[in-house]
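Working notes for the structure below.
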Amino acid sequence: SEAASRLTGNALGATPVQAIARPAFAGCIRCTITAKLRFEQFSQGNARLYAWYLQPGTYVELVVDEFTNNWTLRQLVAGAVVAEVTINQATLSNRDYTVQLDYQGDDISLSIDGNLAALLTPAAGTTPDGTVGFEVSSHRVAFDLIKVVTTTPGVAQPNAMFANGFEGL
């Protein structure tokens, strides 16, 4: 569902809910992705923030599991996990978390609420490239103020936060 800049994935007792920002935003290589996420109730599901989503099976994702308190940043290529780092951080319901993923050609950094939480080195011979999106599995999670700032040469600055079904560009 949508409300102003908030996109809510409601996948309680259902198949996962996914939204990818293509064709509204084709993507970037060197960019910073910022979003707020909020678990709207306690459950044993998870939320995924997709970054550098090129195609199904080739992307970078942040998987947040509220039940285990694991935040996993991973890179997949052709459906295989090629790089991964997991941190354990308390994850509470009804609290906004500001998440930032940044890639400028070296490591992918994950910051939570303004604090550097993890670094992920992309697999050798790969360069993250693509758009953004989210997925919710067995949970109700709100994603708010999803913003992309690109420094990729030749890529137009989105200059907008994704809202209203990723059609707000």
Side-chain angles (χ1 to χ4, degrees), residues 2 5-9 16-38 46-65 70-87 89 91 96-137 141-169:
E2 303 169 19
S5 64
R6 179 166 283 195
L7 302 170
T8 302
V17 173
Q18 183 185 74
I20 304 297
R22 185 174 287 140
F25 176 60
C28 56
I29 296 172
R30 294 178 183 219
C31 50
T32 302
I33 300 158
T34 306
K36 285 189 178 184
L37 66 92
R38 178 186 190 90
N46 59 55
R48 296 172 190 266
L49 178 62
Y50 292 114
W52 301 281
Y53 188 101
L54 188 60
Q55 61 192 23
T58 302
Y59 49 81
V60 172
E61 68 178 357
L62 172 64
V63 182
V64 183
D65 186 324
N70 285 337
W71 295 59
T72 302
L73 181 60
R74 66 173 64 115
Q75 179 189 20
L76 288 87
V77 175
V81 175
V82 295
E84 180 177 83
V85 62
T86 298
I87 63 163
Q89 175 171 313
T91 310
D96 288 338
Y97 292 92
T98 300
V99 176
Q100 184 178 72
L101 298 171
D102 181 70
Y103 178 71
Q104 299 301 323
D106 295 318
D107 293 332
I108 298 169
S109 66
L110 163 64
S111 295
I112 303 167
D113 293 332
N115 300 305
L116 180 63
L119 292 173
L120 178 72
T121 302
T126 67
T127 301
D129 183 9
T131 191
V132 298
F134 72 88
E135 180 177 305
V136 176
S137 177
V141 180
F143 293 82
D144 201 3
L145 304 174
I146 300 172
K147 184 176 182 179
V148 178
V149 176
T150 181
T151 57
T152 303
V155 174
Q157 189 69 33
N159 199 26
M161 292 182 201
F162 296 107
N164 301 321
F166 292 128
E167 297 165 5
L169 296 176

For [X] versus [Y], what's the shortest heavy-atom pair and its separation?
| X | Y | result |
| --- | --- | --- |
| Glu61 | Tyr50 | OE1-CE2, 3.7 Å |
| Thr150 | Arg30 | OG1-O, 3.1 Å |
| Trp52 | Ile29 | NE1-O, 2.8 Å |
| Phe143 | Arg48 | CZ-O, 3.8 Å |
| Ala78 | Thr58 | N-OG1, 3.0 Å |

Open item on the list: Apply side-chain contact (heavy atoms from CB on, under 4.5 Å) to residues Val132 and Val148 and explain how you reach the verdict.
Closed with: CA-CA 8 Å; Val132 298; Val148 178; 3.8 Å; yes
Open item on the list: Looking at Arg74, I want to see if its CZ is surrounded by more than 12 non-hydrogen atoms of other residues, nucleotides or ligands under 6.0 Å.
Closed with: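 Buried by this count: over 12 neighbours within 6.0 Å.
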TODO: Decide side-chain contact (heavy atoms from CB on, under 4.5 Å) for Val81 and Gln75; before the verdict, give the C-alpha distance in whole Å, the side-chain angles of both, and the deciding distance to 0.1 Å.
DONE: CA-CA 6 Å; Val81 175; Gln75 179 189 20; over 6 Å; no
Are a donor atom and an acceptor atom from the side chains of [X] and [Y] found within less than 3.5 Å of each other?
| X | Y | value |
| --- | --- | --- |
| Gln104 | Thr151 | yes |
| Thr91 | Trp71 | yes |
| Gln100 | Thr32 | no |
| Asp107 | Thr121 | yes |

Task: Main-chain N/O of Val64 paired to Asn46 side chain as donor or acceptor, under 3.5 Å - done: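 Checking the backbone N and O of Val64 against the side chain of Asn46, no donor-acceptor pair under 3.5 Å is found.
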TODO: State, yes or no, whether a side-chain contact exists between Leu73 and Leu101 at a heavy-atom distance under 4.5 Å.
DONE: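 Yes, close enough: below the 4.5 Å cut-off.
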Open item on the list: With heavy-atom distances below 4.5 Å as the criterion, would you say the side chains of Leu62 and Val99 are in contact?
Closed with: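 When only atoms from C-beta onward are counted, Val99 and Leu62 do touch, with a gap below 4.5 Å.
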Spacing of [atom1] belonging to [X] relative to [atom2] belonging to [Y], to within rounding of 0.5 Å:
| X | Y | atom1 | atom2 | value |
| --- | --- | --- | --- | --- |
| Ile146 | Thr34 | CD1 | OG1 | 10.5 Å |
| Thr86 | Glu84 | OG1 | CD | 4.5 Å |
| Thr131 | Ile20 | OG1 | CD1 | 7.5 Å |
| Leu120 | Asp106 | CG | CG | 12.5 Å |
| Leu76 | Gln55 | CG | CD | 11.5 Å |
| Ser111 | Leu119 | OG | CG | 8.5 Å |

- [ ] Quick one: sort the Tyr53 and Tyr59 rings into parallel, tilted or perpendicular, breaks at 30° and 60°.
- [x]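 The rings of Tyr53 and Tyr59 lie parallel, inter-plane angle below 30°.
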- [ ] Any chance you could lay out the side-chain contact (heavy atoms from CB on, under 4.5 Å) test for Asp144 and Arg38, step after step, and finish with the verdict?
- [x] CA-CA 8 Å; Asp144 201 3; Arg38 178 186 190 90; over 6 Å; no
Task: Sole candidate of Ile108, Leu49, Leu54, Asp129 that passes side chain to side chain contact (heavy atoms under 4.5 Å, CB included) when paired with Val60 - done: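 By the side chain to side chain contact (heavy atoms under 4.5 Å, CB included) criterion, Val60 pairs with just one of Ile108, Leu49, Leu54, Asp129: Ile108.
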